[in-house]
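Given the structure is predicted, the values throughout are model-derived calculations rather than measurements. Because only heavy atoms are used, hydrogens play no part in the values below, and waters and symmetry mates are left out as well, while side chains stay in. Here is the naming used below: chain letters follow the sequence lines, and residue numbers restart at 1 for every chain.
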Amino acid sequence: MIGEASIIIEVSDAKDAGLRIEIIGGDVKAPYGDDIYAAVEEYVKDWFDLHRDLSPFYELAGGDPLLNEPVNQFYGLRVMGISDLFEAMCWGIIGQQINLAFAYTLKRRFVETYGRAVEANGEVYWLFPKPETIAALTVIDLEPLRMTVKKSEYLIETAKHIVSGKLTKEILLQGDSLETAEKQLVSIRGIGPWTAHYVIMRCLRFPTAFPIDDVGLHNAIKHVLGMDRKPTKKELLELSYGWSGWESYATFYLWRLLY
DNA sequence: ACCCAGGAGACTG
DNA sequence: CAGTCTCATGGG
């Protein structure tokens with residue numbers, strides 16, 4: 001989205017020339033102005049976290065028993081962003097305490113019920129629902145999606161916070177402090193430590209964000225170390241001690257092992 | 001039928 | 001503040 005206008009883009013590998021980005025549809029009409037191209041380029045750079053130099057991470061990962069394998073296997077992988085705060089928070093709320101398969105089902109129902117469809121090259125793309133739309137709902141409206149009543153409440157309340165203007169990406173980023181942003185997020189009903197760190201990782205892009213309670217992270221560690229159980233909190237703290245400064249990247253690479 | 005899932009809030013000591 | 005209990009719905 002650029003303002004209220006949607007732009008559908010396709011990103012592909014241009015080999016030595018880097019990434020190839022093509023505008024394939026949306027609300028904008030060709031010929032596109034330089035401002036459109038500039039906005040798209042910046043969006044993709046933020047989305048792929050291309051502004052970040054990963055060499056310090058690869059340096060520490062090389063000597064880390066947990067990260068050595070995934071870093072070799074997925075070299076070049078970056079933490080993919082969710083630039084829209086509402087979308088990042090919703091995805092975190094939806095993903096709480098359910099398996100990923102069901103989480104994807106719920107997200108699809110949510111988006112295809114309350115989002116906007118945009119067609120390009122004969123395919124339908126869904127824009128994420130706007131907070132104004134969700135803020136106007138009641139839990140009864142969300143019943144058919146079959147998420148828990150609590151999740152419905154959390155989504156609607158989060159939408160209202162954003163619509164009020166008191167919760168924005170810019171406000172969370174004021175002070176450039178993970179702790180400050182976390183404190184604000186956790187004060188919202190339905191946002192606990194896991195979701196706060198998930199949002200700080202995917203949307204605010206702090207490489208130090210660390211959803212340490214994440215079950216996927218626990219299972220990935222169990223897998224890499226060949227354990228017959230998940231690691232305890234104490235073991236997690238010890239194993240992640242060397243990740244300082246790059247916790248979100250360590251987590252993201254370990255998640256990737258589970259696909 | 002059973003256990004678990006990219007947790008959070010309420011309650012207790 | 002740190003543990004424990006409860007919740008709610010579907011996947012495997």
Side-chain angles (χ1 to χ4, degrees), chain A residues 66-67 70 74 77-82 84-113 128 138-161 167 179 181-225 227-237 239-240 243 246-259:
Chain A
L66 282 170
L67 301 179
F74 308 119
L77 175 70
R78 289 160 182 276
V79 172
M80 296 295 289
I82 302 174
D84 181 68
L85 177 64
F86 182 56
E87 180 172 351
M89 293 179 74
C90 287
W91 188 216
I93 291 167
I94 288 173
Q96 291 166 7
Q97 189 55 19
I98 58 175
N99 60 66
L100 266 184
F102 184 41
Y104 283 123
T105 300
L106 288 180
K107 185 184 182 187
R108 171 177 287 270
R109 288 177 190 158
F110 185 65
V111 169
E112 295 188 356
T113 305
F128 201 79
T138 69
V139 291
I140 309 292
D141 297 315
L142 290 173
E143 241 170 31
L145 305 192
R146 305 300 299 160
M147 60 180 87
T148 62
V149 176
K150 287 294 177 197
K151 270 194 208 302
S152 300
E153 290 174 0
Y154 297 160
L155 291 175
I156 293 168
E157 288 173 22
T158 294
K160 287 180 175 169
H161 277 107
L167 176 64
E179 289 74 19
E182 181 182 5
K183 207 170 287 181
Q184 294 177 73
L185 286 168
V186 170
S187 72
I188 298 166
R189 223 167 66 90
I191 310 293
W194 177 85
T195 311
H197 278 262
Y198 183 84
V199 169
I200 294 169
M201 169 185 183
R202 300 293 299 273
C203 185
L204 305 185
R205 316 308 301 264
F206 282 73
T208 44
F210 190 24
I212 193 169
D213 302 314
D214 186 81
V215 182
L217 175 69
H218 303 169
N219 283 328
I221 292 174
K222 173 185 168 188
H223 171 257
V224 175
L225 297 182
M227 302 166 73
D228 58 359
R229 57 170 177 80
K230 284 180 285 190
T232 63
K233 184 97 173 189
K234 185 172 171 233
E235 288 169 330
L236 284 165
L237 289 170
L239 289 165
S240 62
W243 302 348
W246 293 93
E247 291 86 346
S248 72
Y249 264 85
T251 303
F252 204 75
Y253 270 75
L254 284 165
W255 276 347
R256 189 65 182 72
L257 286 174
L258 299 176
Y259 292 165

Original post:
Do A:Tyr249 and A:Trp243 pass the side chain to side chain donor-acceptor pair (under 3.5 Å) test, and can you show the C-alpha distance, the side-chain angles, and the key distance before you say yes or no?
Top reply: CA-CA 9 Å; A:Tyr249 264 85; A:Trp243 302 348; over 6 Å; no
Original post:
Between A:Trp194 and A:Phe210, is the ring centre distance below 6.0 Å?
Top reply: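 When the ring centroids of A:Trp194 and A:Phe210 are compared, they turn out to be at least 6.0 Å apart.
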Starting at atom [atom1] of [X], determine the distance to atom [atom2] of [N], rounded to an integer number of angstrom.
X        : N      : atom1 : atom2 : answer
A:Glu153 : C:dC7  : CD    : C1'   : 12 Å
A:Lys151 : C:dG10 : NZ    : C1'   : 11 Å
A:Tyr104 : B:dA5  : OH    : C1'   : 14 Å
A:Trp91  : B:dG7  : CH2   : P     : 12 Å
A:Lys107 : B:dA5  : NZ    : C1'   : 18 Å
A:Arg109 : C:dT9  : CZ    : P     : 12 Å
A:Asp214 : B:dC4  : CG    : P     : 17 Å
A:Ile98  : C:dT9  : CD1   : P     : 11 Å

Original post:
Within a strict 4.5 Å, meaning less than it, do heavy atoms of the A:Met89 and A:Ile188 side chains meet?
Top reply: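 A side-chain contact exists here, since the closest heavy-atom pair is under 4.5 Å.
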Original post:
So do A:Glu153 and A:Val149 actually touch side chain to side chain, heavy atoms under 4.5 Å?
Top reply: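 Contact flag for A:Val149/A:Glu153 side chains = yes.
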Original post:
Is A:Lys230 touching bases, backbone alone, or none of the nucleic acid, heavy atoms closer than 4.0 Å?
Top reply: sugar-phosphate
Report each atom pair, protein N/O against N/O of nucleotides 1-6 of chain C, whose distance is under 3.5 angstrom.
none

**OP:** Ignoring backbone atoms, test whether A:Asn219 places a side-chain nitrogen or oxygen under 4.0 Å from the OP1 or OP2 oxygen of B:dA5.
**Re:**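 The answer is yes; a side-chain N or O of A:Asn219 sits under 4.0 Å from OP1 or OP2.
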**OP:** Classify every nucleotide of nucleotides 8-13 of chain B by which part a protein heavy atom approaches to under 4.0 Å, writing B for the base, S for the sugar-phosphate alone and - for neither, in 5'-to-3' order.
**Re:** SS----
Subject >> Flag if over 12 foreign heavy atoms under 6.0 Å of NE2, A:His161 >> reply: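 No, because the 6.0 Å sphere around NE2 of A:His161 holds 12 heavy atoms or fewer from other groups.
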**OP:** Count the heavy atoms belonging to other residues, nucleotides or ligands that lie under 6.0 Å from NZ of A:Lys160, then report whether that count exceeds 12.
**Re:** no
**OP:** For A:Asn99 and for A:Thr148, locate the closest nucleotide of DNA chain C by heavy-atom distance; then report the residue assigned to the nucleotide nearer the 5' terminus.
**Re:**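 Comparing both residues, the 5'-ward one is A:Thr148.
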**OP:** Hey, which sits more toward the 5' end of DNA chain C by its nearest nucleotide, A:Lys150 or A:Thr105?
**Re:** A:Lys150
Original post:
Which of these, A:Lys230, A:Lys222, A:Arg229, sits in a salt bridge (Lys or Arg N to Asp or Glu O under 4.0 Å) with A:Glu235?
Top reply: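 The option that passes is A:Arg229.
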Original post:
What's the spacing between A:Glu157 CD and A:Ile191 CD1 if we round to 0.5 Å?
Top reply: 10.0 Å
**OP:** Can you label the angle between the A:Phe128 ring and the A:Phe86 ring as parallel, tilted or perpendicular, going by 30° and 60°?
**Re:**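 Taking A:Phe86 first and then A:Phe128, their aromatic rings stand perpendicular (interplane angle over 60°).
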